[in-house]
Number of protein chains: 2
Amino acid sequence: MIHPGKTVPLYPEINEVSIPRLFAYHRALAAVAATGKTLITSQGLAALLGIEISSHQIRKELCALGPRGRRGHGYAINPLVQQLALVLGLDHDWRIAILGFGYLGHAFATFITAREERFKVGAIFDTSPSVVGGEWQGIRVHDSSELEHILPGTSCNIGVIAVPAAAAQEQAKRLAAHVGAILNFAPISLGLDVPVIVRNIDLAGEMSILTHRLSFAQGLA
Amino acid sequence: MIHPGKTVPLYPEINEVSIPRLFAYHRALAAVAATGKTLITSQGLAALLGIEISSHQIRKELCALGPRGRRGHGYAINPLVQQLALVLGLDHDWRIAILGFGYLGHAFATFITAREERFKVGAIFDTSPSVVGGEWQGIRVHDSSELEHILPGTSCNIGVIAVPAAAAQEQAKRLAAHVGAILNFAPISLGLDVPVIVRNIDLAGEMSILTHRLSFAQGLA
DNA sequence: AAATGTGAAGAGGTTCACAGCG
DNA sequence: CGCTGTGAACCTCTTCACATTT
């Protein structure tokens with residue numbers, strides 16, 4: 001049922017865990033569209049993505065965006081790409097503020113801008129004199145003390161915490177006042193009192209999964 | 001029931017998602033143990049970790065390792081730390097082979113060795129002449145072509161793929177012949193035919209969660 | 001009395017079977 | 001007939017309530 005007055009469909013019913021998959025669908029479909037193909041089936045898309053995702057799941061997740069397929073034929077690629085871009089917020093650019101421009105910050109900036117053209121780096125901050133004042137892709141690296149001064153003029157709405165753990169808490173607090181979402185690489189839980197969307201990347205935790213499973217595998221042998 | 005002859009308890013019933021939390025418990029408890037405390041309750045541990053984990057969950061997960069608490073009192077810290085170390089495989093060192101020593105490989109090496117003393121970098125490979133032949137913490141950076149020659153002598157059992165997407169597939173295949181587990185930062189699904197434990201770090205996917213949720217939040221406003 | 005240990009209920013996500021359309 | 005759309009079963013993980021033990 002569509003409520004009168006509500007013309008923009010929202011998608012709260014999409015599982016958070018499925019978002020990265022939708023992102024993958026979007027990439028794959030955009031690539032296929034570029035070859036001139038206009039129609040694809042859920043099985044065809046599954047084949048494109050490798051063997052890890054079933055056509056069942058693809059259908060379920062695409063259907064959650066609003067039924068768009070033609071039964072017996074498949075999905076028209078172009079509308080689907082546009083729909084996915086809309087749901088993922090990839091119909092416009094995102095400016096990212098990077099806090100901490102050591103190896104990690106640098107790696108992230110390079111990776112993410114190469115990966116998705118909608119992701120731009122809008123501001124870079126660091127505290128090290130050897131980095132501050134330099135440039136990356138024409139973007140000045142500012143001293144972190146200037147954050148409040150610089151950030152409002154950059155229209156960044158996503159921040160990335162790539163500073164050492166000791167500095168993360170304080171810098172995250174200051175960052176949270178200016179962005180709506182934070183990707184955090186620091187191994188601490190940012191105790192933020194402002195409502196901000198936060199994702200933590202737990203690299204040590206990922207490693208511990210590997211060591212646990214390897215230990216268990218060795219125990220079996 | 002304990003089977004005769006099986007003296008080492010295995011822990012297949014531990015949820016994979018709980019492993020990073022067990023790792024966090026281990027860290028926090030080890031830190032507390034260093035202060036001289038010998039007893040802690042599930043609530044006390046929850047307080048140490050911040051507000052994100054309930055004492056209920058901590059009890060459930062600790063209990064899955066085998067009941068070790070004293071009702072009415074709490075958990076003896078030292079045995080618990082040892083038990084966690086055993087389950088996580090942190091009772092011995094792990095040697096990590098890093099493929100790709102650009103900014104990401106460098107950042108990962110620095111981060112992970114600082115984070116957990118049991119994680120050591122055992123080998124580093126790259127293809128860039130500007131990096132190959134150099135050293136990091138006394139470890140030589142080898143040319144990737146030497147992988148088969150060097151890796152067997154390093155006793156590395158975990159590999160990290162930090163190379164560009166274009167090179168990831170081929171390098172992962174070669175790596176998989178020598179390690180039991182791989183942490184993959186490349187945005188492709190490594191089609192490996194060897195049985196290897198793989199964890200994929202999907203940074204673009206994490207970003208897409210943020211953009212989706214931000215878009216949705218803006219749609220509400 | 002105080003905290004653990006644990007079965008049961010609940011929530012979230014995936015897989016399945018098949019109904020529904022083109 | 002082919003492929004999508006979808007309710008239901010299923011599985012995994014979290015939360016809860018309370019029995020149990022010191």
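Naming: A, B, ... by sequence-line order, numbering from 1 per chain.
Between the CD atom of Q43(B) and the C1' atom of dC16(D) there is a distance of 15 Å, rounded to whole Å. Computed from coordinates, the I77(B) CD1 to dA3(C) P distance equals 14 Å when rounded to whole Å. One atom, CG of L39(A), and another, C1' of dT4(D), lie 12 Å apart when rounded to the nearest Å. Rounded to whole Å, atom P of dG5(C) lies 13 Å from atom CD1 of I58(B). Rounded to whole Å, the distance from CG on L22(B) to P on dC13(D) is 12 Å. Between E13(B) atom CD and dT12(D) atom P the separation is 14 Å, expressed in whole Å. At whole-Å resolution of the value, CG in L45(A) and P in dC3(D) are 14 Å apart.
Between atom OG of residue S55(B) and atom CZ of residue R59(B) there is a gap of 5.0 Å, rounded to the nearest 0.5 Å. If you take CD on E170(B) and CG on L175(B), they are separated by 11.0 Å, rounding to the nearest 0.5 Å. Rounding to the nearest 0.5 angstrom, the gap separating the CG atom in L147(B) from the NE2 atom in H178(B) is 6.0 Å. The line from CG of N78(B) to CG of L39(B) is 11.0 Å long, rounded to the nearest 0.5 Å.
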Problem set entry | Protein-to-nucleotide contact annotation, 5' to 3' order, nucleotides 17-22 of chain D [B base; S sugar-phosphate only; - none; under 4.0 Å, heavy atom] | ---BBB
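When the nucleotides dG5(C), dT14(C), dG5(D) are ranked by their closest atom to the side chain of Y75(B), dG5(C) comes out on top. Taking every side-chain heavy atom of N15(B) into account, dC13(D) is the closest of dT14(C), dC13(D), dG5(D).
Close to dT15(D), at under 4.0 Å from its OP1 or OP2, lies a side-chain N or O of Q57(B). A sub-4.0 Å separation between OP1 or OP2 of dT4(D) and a side-chain N or O of S42(A) is present. At dC13(D), none of the side-chain N or O atoms of R21(B) fall inside 4.0 Å of OP1 or OP2 (strictly under the cut-off).
Take the nearest nucleotide of DNA chain C for G66(B) and for E16(A): the residue whose nucleotide is more 5' is G66(B). With the nearest nucleotide of DNA chain C identified for both E61(A) and G74(B), G74(B) has the one nearer the 5' end.
Between the side chain of K60(A) and the base of dG13(C) there is no donor-acceptor pair of N/O atoms closer than 3.5 Å.
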Exercise. For Y75(B) and T41(B), what are the C-alpha separation, side-chain angles and deciding distance, and is it a side-chain contact (heavy atoms from CB on, under 4.5 Å)?
Worked result: CA-CA 6 Å; Y75(B) 300 87; T41(B) 67; 5.9 Å; no
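Side-chain contact between L99(A) and V160(A) is absent, with no heavy atoms from C-beta onward closer than 4.5 Å.
Shown are F111(B), Y103(B), F108(B); of these, the ring-ring contact (aromatic ring centres under 6.0 Å, His included) with Y103(A) is made only by Y103(B).
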